[in-house]
Each structure stands twice: as C-alpha cells, then as structure tokens.
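See structure below.
To find a chain, count down the sequence lines: A is the first, B the second, and so on, and within it residues start at 1. Heavy-atom basis, side chains included; hydrogens, waters and symmetry copies ignored. Quick caveat, the model's predicted, so the values are computed rather than measured.
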Number of protein chains: 2
Amino acid sequence: MSAIETPTGDELLKILTALGNPHRMRIVAALTQGRNYVSRLAREIGMSRPLLHMHLQRLEAAGLVVGSLELSDSGKAMKFFEVAPFACALTPQAVAEAAGTLTDQDQDENQHGKARTQ
Amino acid sequence: MSAIETPTGDELLKILTALGNPHRMRIVAALTQGRNYVSRLAREIGMSRPLLHMHLQRLEAAGLVVGSLELSDSGKAMKFFEVAPFACALTPQAVAEAAGTLTDQDQDENQHGKARTQ
DNA sequence: CTTGGGTGTAAGAAGAATCTGACATGTGAC
DNA sequence: GTCACATGTCAGATTCTTCTTACACCCAAG
C-alpha cells in the first residue's frame with residue numbers, strides 16, 4: 001500500500017488540484033493525526049461546515065480521504081473521515097507519463113467505463 | 001539531485017497548483033523530451049503563445065522549469081525552457097509536514113527574507 | 001522600409017473555484 | 001414542544017484562473 005503508484009493522467013490531475021489548496025492541505029494534515037467527524041473538524045480548524053463539506057468532497061473524489069457515515073452511541077449520525085494511504089512520486093517522468101493518458105477536456109463521471117470523446 | 005525533497009508549505013502549494021492543470025502537465029511532458037523555445041513549443045502543442053508564456057511563468061515560479069534567454073546564430077533572442085530535475089513525494093505525512101509551514105494568506109514574493117504581513 | 005520571426009506584456013471577457021448564509025432533515029435530552 | 005448537535009444542500013456573491021486579442025519591441029533578410 002505504501003508503494004509508489006503511477007496514476008492515470010486524470011487521476012493525477014484530480015489529486016493535484018485537490019491538494020493544491022491551503023485549506024485542503026490543512027484538512028489532510030488534521031486528519032493525519034486521527035479520524036474525525038465533520039462538525040468537530042470544522043470547529044477545530046476554524047472553517048464553516050458547508051465549506052469543509054465541499055473540501056472533503058473534493059478530497060474524497062480524488063481518493064485522498066475516505067468517509068463513512070456512522071452512528072454514535074446516542075444514535076446521532078456522524079460522518080467520520082480519515083486519510084487514505086496515498087503515495088505518488090512527483091517527477092518530470094511521472095508527470096510526462098501521466099500527461100500521455102489525459103482525456104483533455106472531459107472530466108465527467110465515466111471512470112468506470114472508457115467512453116472516449118472520439 | 002534525484003533525492004526526495006521536502007519543500008515548505010508554500011513551495012509545495014506552488015508546485016501542486018502549477019502541476020494541477022492539464023495544459024501545464026502537457027508542457028512539462030513536452031519539455032521532458034528536450035529543451036525548446038517558446039514560439040516553437042507553442043506551435044507544437046497547439047497553444048497560443050501568450051497563453052503558453054503565462055503557463056511557463058507559472059511553472060518557472062514553482063521551480064519546475066528553468067528558462068534562459070539565448071541568442072541564436074542569427075542574433076535573434078530566443079527563450080529556451082527545460083524541465084528542472086524536481087522530485088517530491090506526495091504522502092499524507094509529507095502534506096501534513098508541509099501544511100505546518102503554510103503562511104496561510106500571503107503568497108507574496110518574499111521567499112528570500114521573512115517579511116510577514118503584520 | 002517592409003516582411004517575417006523572435007520576445008514580452010497589458011486589458012478585458014469568459015469561466016471555474018471558493019465562500020457565506022440560509023434552509024431542510026433527523027435524533028436525544030429537558 | 002424546544003433546544004442542542006449532528007447531517008446534507010442550495011443560491012448567490014465574490015474572487016481567482018484561464019484565455020484571447022491587441023499592442024509594444026528587437027533583429028535579419030529581401
């Protein structure tokens with residue numbers, strides 16, 4: 001799991017745009033110290049909850065964090081998030097390799113199939 | 001040179017936002033195959049020259065490419081670009097470590113000194 | 001002097017990302 | 001019922017990024 005992965009162009013692009021944001025970097029940093037649920041995390045890092053929700057969605061879409069909706073002892077629904085054990089190397093060769101598999105201008109929700117534009 | 005570096009938060013952020021763009025990824029990929037000058041590169045990858053100029057500026061500001069203004073045999077000024085041998089690992093720990101050294105809201109050009117806003 | 005190829009840059013439009021505020025929902029405790 | 005605390009989502013404003021177009025300059029060749 002801690003091996004250096006070589007994601008596709010679109011995956012790497014999603015990872016980079018997800019991490020290329022100071023708030024999201026700090027979110028990942030906070031989750032590295034342990035899992036947490038949304039409202040508490042929002043309080044701790046001083047961010048509005050809807051905003052944190054959006055950032056977590058972006059991080060989860062990139063596969064950098066994983067969230068699971070659990071029920072606390074009292075029955076309250078709480079969404080816990082934790083970091084995914086991602087690891088990818090950022091080198092010119094890795095970027096060049098990934099750039100070759102870029103689908104250019106459609107980042108749709110077709111990561112299960114392979115519906116090319118052409 | 002090919003060791004895994006651990007940049008500061010602001011540096012990593014600049015690297016990630018620089019690479020988190022399909023055009024810039026393709027520019028890095030094109031420059032991996034050899035140095036090139038701006039107008040020719042713009043022709044090859046099918047991009048307007050001012051736009052490529054902006055992207056190259058962004059990549060150079062992040063330290064991912066280096067440009068040098070040279071004079072051709074005929075005396076024409078040509079700006080050559082080549083990739084810098086960057087290498088950094090993208091792991092939760094690296095992100096957490098970098099997030100600790102983020103200056104939050106000022107991304108000014110004060111990477112030489114330490115001129116804080118306040 | 002005009003043409004062709006190189007450089008850089010600035011203004012403004014278009015589009016995407018970010019952020020706030022308000023709303024709707026559910027559950028347990030008082 | 002009302003409060004506190006959790007969830008999610010939406011509309012709109014704002015800000016940032018991206019991109020085009022147009023301009024400026026320099027040098028060599030015809």
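Taken from OG1 in B:Thr8 to CD1 in B:Ile15, the straight-line distance is 8.5 Å, to the nearest 0.5 Å. Atom OG1 of A:Thr91 and atom CZ of B:Phe86 lie 6.5 Å apart (nearest 0.5 Å). In this structure, CD1 in A:Ile27 is found 11.5 Å from OG1 in A:Thr32, a value given to the nearest 0.5 Å.
The side chain of B:Pro50 lies closest to D:dA22, out of C:dT7, D:dA22, D:dT18. Relative to the side chain of A:Gln57, the nucleotides D:dT9, C:dG5, D:dA6 differ in distance, and D:dT9 lies closest. Considering only the side chain of B:Leu51, D:dT18 comes nearest among D:dG8, D:dT18, D:dT21.
In this model, the phosphate group of D:dT20 is approached by a side-chain N or O of B:Ser48 to a distance below 4.0 Å at OP1 or OP2. Contact annotation: A:Arg43 reaches the phosphate of D:dA6 (side-chain N/O to OP1 or OP2, under 4.0 Å). In this structure, B:Lys76 does not reach the C:dT7 phosphate: none of its side-chain N or O atoms is under 4.0 Å from OP1 or OP2. Listed pair B:His23 / D:dC19 meets the phosphate criterion, a side-chain N or O lying under 4.0 Å from OP1 or OP2. OP1 or OP2 of C:dG6 lies within a sub-4.0 Å distance of a side-chain N or O belonging to B:Tyr37. Between D:dC19 and B:His55, a contact under 4.0 Å exists linking OP1 or OP2 to a side-chain N or O.
When the C1' atom of C:dG8 is taken as reference, atom CD of B:Glu60 falls 13 Å away, rounded to whole Å. For A:Leu56 and C:dC19, the CG to C1' distance is 15 Å, given to the nearest whole Å. Rounded to whole Å, the distance from CG on A:Leu71 to P on D:dA6 is 14 Å. Distance, B:Met78 CE to C:dG4 P: 18 Å, rounded to whole Å. Between the P atom of D:dA6 and the NE2 atom of A:His53 lies a distance of 15 Å, rounded to the nearest Å.
Environment of CD in A:Gln33: sparse, with no more than 12 heavy atoms of neighbouring residues, nucleotides or ligands closer than 6.0 Å.
A residue-by-residue look at A:Asn21 and B:Phe81 shows that B:Phe81 has its nearest nucleotide of DNA chain C further toward the 5' end.
Heavy-atom minimum distance, B:Met25 versus A:Ala98: CE-CB, 3.8 Å.
The overall bend of the helix from C:dC1-D:dG30 to C:dC30-D:dG1, read as the angle between its terminal helix axes built from five base pairs each, is 10° when rounded to 10 degrees.
With a 4.5 Å cut-off between side-chain heavy atoms of Ile, Leu, Val, Met, Phe, Trp and Tyr, the cluster of A:Val66 takes in none.
The salt bridge (Lys or Arg N to Asp or Glu O under 4.0 Å) search around B:Arg35 returns B:Glu70, B:Glu82, not counting sequence neighbours.
Between the side chain of B:Arg49 and the base of C:dG8, a donor-acceptor pair under 3.5 Å is found.
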